[in-house]
Each structure stands twice: as structure tokens, then as C-alpha cells.
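Starting from 1, each residue takes its place in the sequence as its number. For ligands, and for the atoms within them, numbers begin at 1 and follow the listed sequence.
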Amino acid sequence: MKVGVLASGSGTNLQALIDAATRGEMGPARVVVVGANVPGCGALERAAQAGIPTFVRSHKDFATREEFDHALLDELRRHGVGVVALAGFMRIVTPVLLDAFPHRVVNIHPALLPSFPGVHAQEQAFDYGVRFSGCTVHFVDAGTDTGPIIAQAVVPVLDGDDEEALRLRILAEEHRLYPAVIRAIAENRVTVDGRRVHVRGTPAGLADGHLRSL
Ligand code: GRF
């Protein structure tokens with residue numbers, strides 16, 4: 001199963017997917033191309049380092065979101081992508097992309113949705129004073145972080161934490177959860193029933209913590 005990753009930033013989640021594949025933990029899933037809208041972003045460097053083809057399309061060069069998505073779609077199709085993983089991709093995707101990959105565009109969000117969607121999720125959770133936060137992998141729909149939830153992992157907010165400590169604790173779970181979910185999709189273990197998503201099987205390494213849910 002060929003995975004295309006779209007990113008805008010440092011690309012640590014991309015790195016987690018690459019590293020999981022190297023360890024043989026991705027089943028049939030492989031990142032075959034990385035696209036970015038920010039030239040020179042860390043994700044592009046990480047992809048190049050791993051020998052994965054990249055492309056850059058700046059949204060600023062397109063008049064509409066749809067035209068931008070058509071350009072992304074052309075590249076993803078050219079590489080035979082079957083699953084699109086958004087990994088810190090700071091653009092709203094349109095039905096141009098979503099309809100081309102029905103229930104095959106996924107995103108990772110650094111909060112327990114539906115709490116704290118959008119940007120600054122960790123900061124908002126910290127400022128709100130929640131005792132638990134975490135991350136969510138979900139199918140992407142036309143909204144912002146509103147699609148059906150595939151899996152979540154929970155972390156505590158500890159006394160003495162600052163926002164950065166919470167961000168890093170969540171990020172560590174992101175790096176565990178995203179590869180496991182992409183693998184489950186590639187192994188056809190994920191089914192969607194309206195808003196409810198079922199994942200069959202529990203990947204090794206994710207069942208050992210009482211706060212982890214996949
Ligand atoms: C992650 O926190 C992810 O949940 C959010 O954007 C961030 C991307 O980080 N969607 P990275 O580029 O993968 O390091």
C-alpha cells in the first residue's frame with residue numbers, strides 16, 4: 001500500500017512512519033512520496049535523507065484551494081498513492097482530494113477531538129486546564145478536524161508541566177499511534193460505519209499502556 005505524506009513543517013510524524021517501516025512495523029504500508037507546501041521544510045529534508053521522492057507545491061501559486069488540490073492530486077496519482085497521510089499539513093483539503101481518495105485521507109491531531117480542533121491545540125488544552133489530553137488519528141472530511149475518529153491515545157497533564165512538556169508528551173504518542181493506524185489501514189483492518197470506525201487487531205507495542213486505545 002503506497003502512502004503519500006503531505007506536510008508543512010518539521011516532519012517528525014513523517015520520520016516516525018519512515019522509522020517504523022525500517023523496523024518492519026508498517027506491514028504493507030510504505031511512504032512513496034512526500035509533498036509539501038512550504039519549500040525547505042523539515043519534512044522535505046527528512047524525505048530526501050530517506051531517499052523518498054518529494055514535490056513542493058506552494059498554495060500561494062494557485063488561485064483557489066481546488067486548483068491547489070488538483071496539483072497535489074496529480075503528483076499523488078503519479079506515484080500510485082493509495083493512502084494520503086496528512087502530517088502537519090497546514091492546509092484545508094477540498095473534495096477534489098477527498099473524493100479521489102474516499103476514506104483514504106487521514107490526519108493526526110494533537111488533542112483528543114472533538115476538543116481543541118484547529119491550530120494551537122496543545123496550548124488551548126494546557127490553558128483550559130484539562131487533566132488529560134492526547135492525540136487523534138481521523139479520516140479527513142471537508143471540515144477542520146471533524147472527520148470520523150480512527151484511534152486516540154491519551155496522556156496525562158502533570159503538575160509542573162508547561163505547554164512544551166505537554167506538547168512533547170503528546171508528540172511521543174503521535175509517533176506511536178500514526179504508524180499503527182496507517183498499518184491497520186494498509187492491512188484492511190479498518191472499516192467505517194458512519195461516524196464509527198472499527199479497527200480489528202491491536203498492533204504490538206500499543207496494548208501495553210492503560211491509557212492507549214489502539
Ligand atoms: C503534530 O503535532 C501533528 O499532530 C499536527 O502537526 C504537528 C506536526 O508535527 N497536525 P511534525 O511536522 O510531524 O513534527
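- Taking the six-membered ring where the residue is Trp, F68 and F89 present parallel rings, their angle staying beneath 30° rather than reaching 60°.
- In this structure, the side chains of F62 and D69 stay at 4.5 Å or more apart for every pair of heavy atoms.
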N/O contact list for ligand 1, threshold under 3.5 Å:
residue, atom, partner, partner atom, Å
ligand 1, 2 (O), E174, OE1, 3.3
ligand 1, 2 (O), E174, OE2, 3.1
ligand 1, 4 (O), I108, O, 3.3
ligand 1, 4 (O), E174, OE1, 2.7
ligand 1, 4 (O), E174, OE2, 3.3
ligand 1, 10 (N), I108, O, 2.9
ligand 1, 12 (O), S10, N, 3.4
ligand 1, 12 (O), S10, OG, 3.4
ligand 1, 12 (O), G11, N, 2.7
ligand 1, 13 (O), T12, N, 3.3
ligand 1, 13 (O), N13, N, 2.8
ligand 1, 13 (O), N13, ND2, 3.0
ligand 1, 14 (O), S10, OG, 2.7
ligand 1, 14 (O), T12, N, 2.8
ligand 1, 14 (O), T12, OG1, 2.6

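- Among residue pairs with one or both ends in residues 31-49, those qualifying as side-chain hydrogen bond (donor to acceptor under 3.5 Å, both in side chains) are S8-N37, Q15-R46, N37-H59; sequence neighbours excluded.
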Would you mind writing out the side-chain donor-acceptor pairs for residues 140-147 within the sub-3.5 Å range, not counting sequence neighbours?
residue, atom, partner, partner atom, Å
D141, OD1, G143, N, 3.0
D141, OD1, T146, OG1, 2.5
D141, OD2, T146, OG1, 3.2
D145, OD1, N107, ND2, 3.3
D145, OD2, H109, ND1, 3.3
D145, OD2, G118, N, 2.7

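- With sequence neighbours left out, R195 forms a salt bridge (Lys or Arg N to Asp or Glu O under 4.0 Å) with no residue at all.
- S133 places a side-chain heavy atom less than 4.5 Å from the side chain of I170.
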